[in-house]
Amino acid sequence: MSRELVDAIKELGNQRGIDSETLMEALEDALLSAYKKMPNAARYARVEVDRETADFHVYELVLPPELERQLLAQVAEQQEREIDPETGEPREPEEPKLDEEMLAPYEDQIEVRDVTPDDFGRIAAQTAKQVILQRIREAERRMVYEEFKDRVGELVTGIIQQSDNRYTLVQLRDRVEALLPRSEQVWNERYDHGMRIKAVITDVSAEGKGPTIVVSRRSPELIKQLFELEVPEVADGLVEIVGVAREPGFRSKIAVVSHADGVDPVGACVGPRGSRVRMVVSELRGEKIDIIPYNEEPARFVAKALSPARVREVIVDDETKEATVIVPDDQLSLAIGREGQNARLAAKLTGWKVDIVSESEFSQQEDLEYAEEEEQADGRCAAVLSAGRRCPNASLPGSRYCGLPQHQALARFATNQVTVLASLSDEEVATLADPDADESAVAQLVERAERAYEEAQQAEAAEAEEGEGPAEEAAGDGAAEEAEGASEEGADVADGEAEASEAQAGEPAAEAVEPQADEAGEAEGAEGEAEAEDAEASDEAAAADEQADEGATVEGDGEETSAEERAEA
């Protein structure tokens with residue numbers, strides 16, 4: 001070989017970023033492979049290439065027969081039996097081979113002969129070319145793996161090259177590509193060719209033909225990395241993202257805490273007029289983000305995690321890590337969220353089991369608990385008799401009921417009403433009162449009694465509805481009669497007012513014709529005014545009665561009639 005070949009190998013190493021020594025070793029392996037393809041080639045050989053002059057030599061290694069048998073036996077023992085995946089039968093082991101590493105400790109026993117051929121030929125040169133290219137590809141893959149194996153969880157930017165139903169191919173840089181599997185894609189995102197996206201490296205593997213780099217758009221780590229990229233306080237460590245709860249494509253919640261005085265963690269992540277969080281939301285294709293201040297007190301942290309809903313009170317149980325959140329009635333749906341999303345994210349962010357109840361529901365639960373505590377405190381039997389009164393007997397120690405079998409059997413039911421046992425016989429009631437009775441038989445009896453009790457209640461409700469019909473008709477008839485009476489009374493009042501008007505109109509004529517009748521006319525006028533006042537009072541009373549009985553129309557008619565008669569008078 002010539003000096004130009006060595007220079008070409010070094011230049012290739014500089015272009016691909018591969019060590020020139022690695023390429024020279026690849027050249028030696030390529031020449032050895034080419035020599036093996038020549039006729040009458042030695043079984044064991046070694047090729048050495050001078051790094052300066054590019055001269056090469058092929059040396060045959062002659063092993064003593066005993067050493068060769070010993071090494072071949074060792075290789076045969078180390079070989080594992082392989083199973084054919086198609087037939088399921090064991091494969092025949094390959095012929096054992098000895099490599100140069102196994103022969104190195106026995107150099108003093110091995111004879112070396114120079115068997116360098118004069119010309120390799122065209123086939124040998126083609127084989128050498130393939131081996132060199134293969135070694136170059138292997139070196140590049142190894143370099144890529146070494147570069148990315150420690151970058152798991154890091155944010156990278158790539159360009160979409162290809163997308164199908166299985167995965168999307170993302171080019172990170174020249175000759176380096178990553179896979180975005182279907183399971184790591186967001187449901188509402190499109191990945192078009194040439195689009196630039198950001199993703200997080202989740203796995204780097206060296207198995208297979210080359211290193212496999214897997215990236216994700218669903219990982220919660222993506223939100224952390226995006227905020228670190230957009231918020232300088234997060235990148236500098238002044239603000240820390242403590243936790244992330246995410247449902248990709250819908251909503252995310254992050255908890256932030258400040259490690260520096262005077263730095264608002266929420267304000268730093270939101271940015272001036274929401275500019276910082278807006279950039280993150282834009283990169284996530286419109287996914288909503290709630291930024292919540294972290295608090296070491298679980299109750300306050302859970303209350304903040306349910307934002308934007310307002311919380312009235314939080315009751316926590318430190319042993320079971322359960323939190324009961326009490327919210328106003330109008331905030332219940334907002335606290336739960338669509339399909340429980342808000343409550344689910346809050347539980348995931350805080351690590352607590354969150355139970356959300358409204359104020360009215362919680363007050364009812366408290367009333368029931370208080371009533372049960374009162375029943376247990378007064379020492380009386382909790383059974384309610386068929387007459388609706390509570391049993392006057394004292395309850396047994398450790399029980400809410402007295403010693404009667406019917407009352408002891410009520411412990412199997414959710415109600416204290418004795419009427420729930422009406423469909424059972426005395427023997428069946430005694431079975432329910434026995435604490436050692438068979439659970440399967442008890443369950444059947446309880447189910448049958450509850451079903452009969454519900455049917456009885458439904459029948460009573462139906463009878464009550466039927467009884468309300470005639471009562472309503474009678475009430476309607478009474479109202480009609482009252483309306484008619486009111487109309488007659490209104491007419492009488494109108495007549496009285498008309499008479500009073502006529503009496504007032506007749507006063508001047510009586511004075512002109514018969515002066516002696518003046519006093520009589522005034523008396524009649526006074527009587528008419530008194531009757532008119534009495535009529536007005538009775539009219540107001542009738543109007544009140546008519547309004548209560550929905551008879552306001554009659555009153556209006558009476559008023560119109562009296563107005564017309566007054567006009568005629």
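Remember, it's a predicted structure, so these values are computed and weren't measured experimentally.
Using a cutoff of 4.0 Å between basic side-chain nitrogens and carboxylate oxygens, Arg217 and Glu283 are scored as salt-bridged. We find that Glu359 and Arg312 are joined by a salt bridge, their nearest charged nitrogen and carboxylate oxygen being less than 4.0 Å apart. We find that Glu140 and Arg175 are joined by a salt bridge, their nearest charged nitrogen and carboxylate oxygen being less than 4.0 Å apart. Using a 4.0 Å cut-off between charged side-chain N and carboxylate O, Glu147 and Arg173 make a salt bridge. Note on Glu247 versus Arg344: salt bridge recorded, some NZ/NE/NH1/NH2 to OD/OE distance being below 4.0 Å. Salt-bridge check for Glu48 with Arg46: passed, with a basic side-chain N closer than 4.0 Å to an acidic carboxylate O.
Between the side chains of Tyr453 and Glu455, no donor-acceptor pair is found at a separation under 3.5 Å. Remark: the Thr431 side chain and the Asp434 side chain contain no N/O donor-acceptor pair separated by less than 3.5 Å. Between the side chains of His259 and Glu240, at least one donor N or O sits under 3.5 Å from an acceptor N or O. Judged purely by distance below 3.5 Å, without hydrogens or angles, the side chains of Thr168 and Gln185 pair a donor atom with an acceptor atom. No side-chain N or O of Glu177 forms a donor-acceptor pair with one of Gln171 less than 3.5 Å apart.
Atom OG1 of Thr212 and atom CG of Asp203 lie 8.0 Å apart (nearest 0.5 Å). Expressed to the nearest 0.5 Å, how far CD1 of Ile254 lies from CD1 of Ile241 amounts to 4.5 Å. Once rounded to the nearest 0.5 Å, the distance linking CD of Glu221 with OG of Ser216 reads 10.5 Å. Taken from CG in Leu332 to CD1 in Ile326, the straight-line distance is 12.0 Å, to the nearest 0.5 Å.
Under the side chain to side chain contact (heavy atoms under 4.5 Å, CB included) rule, Val200 has a single partner from Val215, Ile223, Val156, Leu155, which is Leu155.
Enclosure of atom NZ in Lys149 by more than 12 non-hydrogen atoms of other residues, nucleotides or ligands within 6.0 angstrom is indicated.
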- Task: Could you please spell out the steps behind the side chain to side chain contact (heavy atoms under 4.5 Å, CB included) verdict for Arg412 and Val442?
- Result: CA-CA 8 Å; Arg412 306 281 188 179; Val442 168; 3.8 Å; yes
- Item | Chi angles and distances behind the salt bridge (charged side-chain N to carboxylate O under 4.0 Å, His left out) call for Glu233, Arg276 | CA-CA 12 Å; Glu233 289 83 356; Arg276 295 175 178 176; 3.0 Å; yes
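In terms of heavy atoms, Lys253 sits closest to Ala305 at NZ-O, 3.1 Å. Closest non-hydrogen pair, Trp352 versus Asp317, comes out as CZ3-O, 3.5 Å.
The closest side-chain heavy-atom distance from Phe413 to Leu432 is below 4.5 Å.
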